[in-house]
Each structure stands twice: as structure tokens, then as C-alpha cells.
Enquirer: 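Let me begin by handing over the structure; questions about it come next.
This structure is a prediction, so every number in the text was calculated from the model and none was measured. Quick note: numbers below take in every heavy atom, side chains included, and nothing from hydrogens, waters or symmetry partners. Heads up: numbering here begins at 1 and tracks the sequence.
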Amino acid sequence: MKIEIWSDVVCPFCYIGKRKMEKALQKFPFKDKVEIEWKSFQLNPDQKTRPGVSTLEDLSKSKGWSMEQTRQITANVVEMAKSEGLTFDFDKAVVANTKNAHRLIHLANEFGVQDAMKERLLKAYFTDGLNVDDGETLLKLGKEVGVPEGEIKAMLESNQFEEAVDQDIYESRQIGVRGVPFFVLDRKFGISGAQPDDVFDQTLEKAWTEYTKNNPVLDIASGTDGESCDVDGNCW
């Protein structure tokens with residue numbers, strides 16, 4: 001059974017949602033029969049990469065909040081991440097366009113390390129304060145998870161996988177994705193956002209049951225949205 005996940009590497013709830021799905025799969029008796037495919041989604045395709053600007057500074061300016069307000073508002077997300085064993089440091093997070101990061105994830109898929117690449121890029125942005133649009137950084141991160149250096153360089157020097165990224169985003173619109181993360185289980189069931197753990201558990205069980213029946217119905221879990229970043233790039 002395939003689980004497709006639309007997300008961005010600068011979306012806080014996407015990292016949290018990744019952990020929630022991983023927890024559900026750890027308990028799932030048929031986890032060895034489940035394949036994860038990461039799909040590209042850009043919260044802000046027109047975002048300019050600005051290495052000298054932190055995400056907190058950018059958020060404060062774009063929303064018209066004081067830095068004190070910004071810290072208070074993001075504190076809940078930091079705590080939510082902590083409950084999943086994640087460390088978010090928005091003071092260090094670098095404002096960056098994510099197109100190249102998504103291209104690298106597509107490349108990593110060809111070498112069987114797509115999930116590891118996704119994880120490393122999320123950690124690079126949220127925890128390490130690295131610029132996920134910097135060529136040297138992407139080269140280093142890709143090599144860390146097993147993507148050949150020559151393949152990464154060739155990708156960065158070309159437009160390789162740009163169409164694949166755009167196709168993922170187009171496909172998300174076709175199936176009605178309004179926020180990320182968005183999980184599609186066997187093209188039959190969906191989970192919108194980083195919902196409570198039991199939603200992941202129950203939807204996974206339900207999808208597996210239907211998987212054996214080959215029922216093509218897509219049912220959005222609970223009919224509600226969990227915590228997510230919307231298509232206009234709003235996470236707060």
C-alpha cells in the first residue's frame with residue numbers, strides 16, 4: 001500500500017506530521033507492506049532566498065507583528081514539535097526558496113533514500129539553521145544520505161526534476177489539497193494536517209482494510225483539518 005505525502009521542507013506541521021505518521025506505522029502490523037512517497041509542495045513558490053534573514057524576522061515583518069508577539073505565537077509550535085521529539089529553532093531558520101530542495105528529494109528517490117533526504121532537509125531547516133537553497137549545503141546533505149556527489153552536481157547545474165516538482169504541485173491542486181501536510185493512503189483515504197495520533201492510527205487501519213477490497217473512494221479523515229500550512233503559505 002502506498003502513502004503519498006504532500007509537504008514542504010519549511011512547513012513546521014509537515015515535520016510534526018511526519019513524526020505522527022511514523023509513530024502510527026511503528027505500531028502497524030503490516031508496516032513492511034507500506035511504501036512512502038514524498039510529493040513536492042511549495043508554500044511560497046516565489047520566495048526569495050535571504051540567508052541573512054531568520055524565519056522569525058521574516059514572519060514578524062510579513063505579519064506586522066513585533067518580535068515579542070512573533071515569539072509568543074511560534075512558541076506553541078515549538079512545544080508541539082518538542083512533544084514529538086523535535087527541536088525547532090526559528091531564530092536560526094533561514095528564509096529560503098525550496099524548489100531546489102524538492103528537486104534533491106526527487107533525485108534521492110532514484111537511489112532509494114528519499115525518506116532520509118526529506119528528514120535531513122527538514123532537520124537542516126528547523127534545527128540546524130542551514131540554507132536549504134544553497135548549492136554547497138544541498139551537496140553536503142545529499143552526500144550524507146547516500147546520493148552520489150556527481151549526480152547532485154549535475155542536477156544543480158541543470159533543470160532536472162523541475163517538471164516533476166511542478167507536476168506534484170499540479171496534482172495536489174487536482175485532488176483538492178488546501179494545506180500541508182496532506183497524506184493520501186492508497187488513493188482512497190486522506191489525512192489533512194498534523195492531526196491527533198488516533199486519527200493516523202485509525203485511518204491507516206481503515207485504508208489497509210479497504211486496500212484489500214480495491215475501493216477507490218478518497219475519504220478525508222474526520223472531515224476536518226489538523227494543524228497545517230495553507231496554500232498561501234500561512235502557518236500561523
Side-chain angles (χ1 to χ4, degrees), residues 2-22 25 34-47 49 55 86 88 93-175 177 179-185 187 191 193-194 228-229 231 233 235:
K2 179 181 284 189
I3 299 177
E4 298 160 288
I5 309 172
W6 275 265
S7 75
D8 203 353
V9 299
V10 296
C11 161
F13 301 114
C14 292
Y15 204 177
I16 293 168
K18 184 177 189 291
R19 282 294 183 272
K20 287 178 173 288
M21 177 56 79
E22 288 168 348
L25 285 170
V34 175
E35 174 191 355
I36 300 291
E37 180 179 354
W38 290 98
K39 295 281 193 174
S40 303
F41 192 96
Q42 286 192 278
L43 293 172
N44 185 359
D46 299 319
Q47 177 68 63
T49 298
T55 294
L86 301 171
F88 283 6
V94 176
V95 176
N97 188 285
T98 60
K99 186 69 169 281
N100 286 328
H102 285 296
R103 291 204 294 144
L104 181 56
I105 293 169
H106 274 278
L107 176 63
N109 191 41
E110 297 198 342
F111 296 93
V113 291
Q114 189 191 43
D115 188 74
M117 190 74 262
K118 180 74 174 185
E119 176 71 24
R120 188 64 188 94
L121 285 163
L122 286 164
K123 182 177 183 294
Y125 178 80
F126 285 104
T127 305
D128 301 335
L130 299 178
N131 180 356
V132 295
D133 190 33
D134 175 70
E136 288 301 315
T137 298
L138 293 176
L139 182 63
K140 177 179 180 292
L141 297 179
K143 287 169 60 180
E144 281 184 22
V145 303
V147 184
E149 179 177 355
E151 296 286 344
I152 302 171
K153 287 182 176 179
M155 182 208 73
L156 292 172
E157 293 169 359
S158 69
N159 62 358
Q160 187 180 14
F161 297 115
E162 284 190 3
E163 288 187 6
V165 172
D166 293 340
Q167 177 61 32
D168 281 353
I169 295 170
Y170 172 77
E171 193 175 356
S172 74
R173 297 184 184 128
Q174 294 301 106
I175 65 173
V177 175
V180 288
F182 194 88
F183 306 79
V184 176
L185 292 76
R187 287 297 170 111
I191 301 174
S228 61
C229 297
V231 293
C235 301

Enquirer: Which residue pairs pass the salt bridge (Lys or Arg N to Asp or Glu O under 4.0 Å) test when at least one of the two sits in residues 145-162, sequence neighbours left out?
Expert: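 The answer is Lys143-Glu149, Glu149-Lys153.
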Enquirer: Just jot down the side-chain hydrogen bond (donor to acceptor under 3.5 Å, both in side chains) partners of Glu119, sequence neighbours excluded, or say none.
Expert: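 Testing Glu119 for side-chain hydrogen bond (donor to acceptor under 3.5 Å, both in side chains), a comparison that skips the adjacent residues, returns Tyr15, Lys18, Arg19.
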Enquirer: Is there a side-chain contact between Val132 and Val94 (heavy atoms, below 4.5 Å)?
Expert: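 Val132 does not reach Val94 side chain to side chain.
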Enquirer: Would you compute the distance between atom OG of Ser228 and atom CG of Leu43 and round it to the nearest 0.5 angstrom?
Expert: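 That separation rounds to 9.5 Å.
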Enquirer: Given the rule in the side-chain contact (heavy atoms from CB on, under 4.5 Å) test, do Phe161 and Leu107 qualify, once you have shown the distances and angles that lead to the verdict?
Expert: CA-CA 8 Å; Phe161 297 115; Leu107 176 63; 3.7 Å; yes
Enquirer: Can you find a pair of side-chain heavy atoms, one from Ser172 and one from Phe182, that are under 4.5 Å apart?
Expert: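 A side-chain contact is absent here, since even the closest heavy-atom pair is not under 4.5 Å.
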Enquirer: Looking only at heavy atoms, what is the nearest atom pair of Cys11 and Val180, with distance?
Expert: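 Between these two residues, the closest heavy atoms are SG-O, 3.6 Å.
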Enquirer: Sequence neighbours excluded, which residues qualify as side-chain hydrogen bond (donor to acceptor under 3.5 Å, both in side chains) partners of Ser7?
Expert: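 For Ser7 the side-chain hydrogen bond (donor to acceptor under 3.5 Å, both in side chains) partners, ignoring immediate neighbours, are Lys118.
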Enquirer: If I take atom CD1 from residue Ile3 and atom CZ from residue Phe183, how far apart are they, to the nearest 0.5 angstrom?
Expert: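 Ile3 CD1 to Phe183 CZ: 9.0 Å, rounded to 0.5 Å.
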Enquirer: Please tabulate, one pair per line, all N/O donor-acceptor pairs under 3.5 Å involving side-chain atoms of residues 34-41, not counting sequence neighbours.
Expert:
{"residue": "Glu37", "atom": "OE1", "partner": "Lys2", "partner atom": "NZ", "Å": "2.9"}
{"residue": "Trp38", "atom": "NE1", "partner": "Asp115", "partner atom": "OD1", "Å": "2.9"}
{"residue": "Lys39", "atom": "NZ", "partner": "Glu171", "partner atom": "OE1", "Å": "3.4"}
{"residue": "Ser40", "atom": "OG", "partner": "His106", "partner atom": "NE2", "Å": "3.2"}
{"residue": "Ser40", "atom": "OG", "partner": "Asp168", "partner atom": "OD2", "Å": "3.4"}

Enquirer: Look up atom CG in Leu141 and atom CG in Leu104, then write down how far apart they are to the nearest 0.5 Å.
Expert: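 That separation rounds to 7.5 Å.
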Enquirer: Could I get the full list of salt bridge (Lys or Arg N to Asp or Glu O under 4.0 Å) partners for Glu163, not counting sequence neighbours?
Expert: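 Glu163 satisfies salt bridge (Lys or Arg N to Asp or Glu O under 4.0 Å) with no residue once adjacent residues are dropped.
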Enquirer: Measuring from Leu138:CG to Met155:CE, what's the distance to the nearest 0.5 Å?
Expert: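 If I round to the nearest 0.5 Å, the distance is 6.5 Å.
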Enquirer: How long is the span from the CD atom in Gln47 to the CG atom in Asn97, to the nearest 0.5 Å?
Expert: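 It comes to 7.0 Å.
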Enquirer: Can you list every pair that meets salt bridge (Lys or Arg N to Asp or Glu O under 4.0 Å) and has a residue in residues 94-110, with sequence neighbours left out?
Expert: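 Qualifying pairs: Lys99-Asp166.
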Enquirer: Restricting to non-hydrogen atoms, name the atom on Leu122 and the atom on Asp8 that form the minimum distance, rounded to 0.1 Å.
Expert: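 Between these two residues, the closest heavy atoms are CD2-O, 4.0 Å.
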Enquirer: Could you measure the distance from the CD1 atom of Ile191 to the CG atom of Leu185? Nearest 0.5 Å is fine.
Expert: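 With rounding to 0.5 Å, CD1 (Ile191) is 5.5 Å from CG (Leu185).
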Enquirer: Less than 4.5 Å apart, any side-chain heavy atom of Cys229 and any of Pro12?
Expert: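 Sidechains of Pro12 and Cys229: in contact.
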Enquirer: Test: side-chain hydrogen bond (donor to acceptor under 3.5 Å, both in side chains). Region: residues 124-137. Which pairs qualify, not counting sequence neighbours?
Expert: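 Passing the test, one end in residues 124-137: Thr49-Asp133, Thr55-Tyr125, Asn100-Asp133, Arg120-Asp128, Lys123-Asp128, Asp134-Thr137.
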Enquirer: Please evaluate residues His102 and Ile105 with respect to the criterion side-chain contact (heavy atoms from CB on, under 4.5 Å), reporting the C-alpha separation (whole Å), side-chain torsions for both, the decisive distance (0.1 Å), and the verdict.
Expert: CA-CA 5 Å; His102 285 296; Ile105 293 169; 4.2 Å; yes
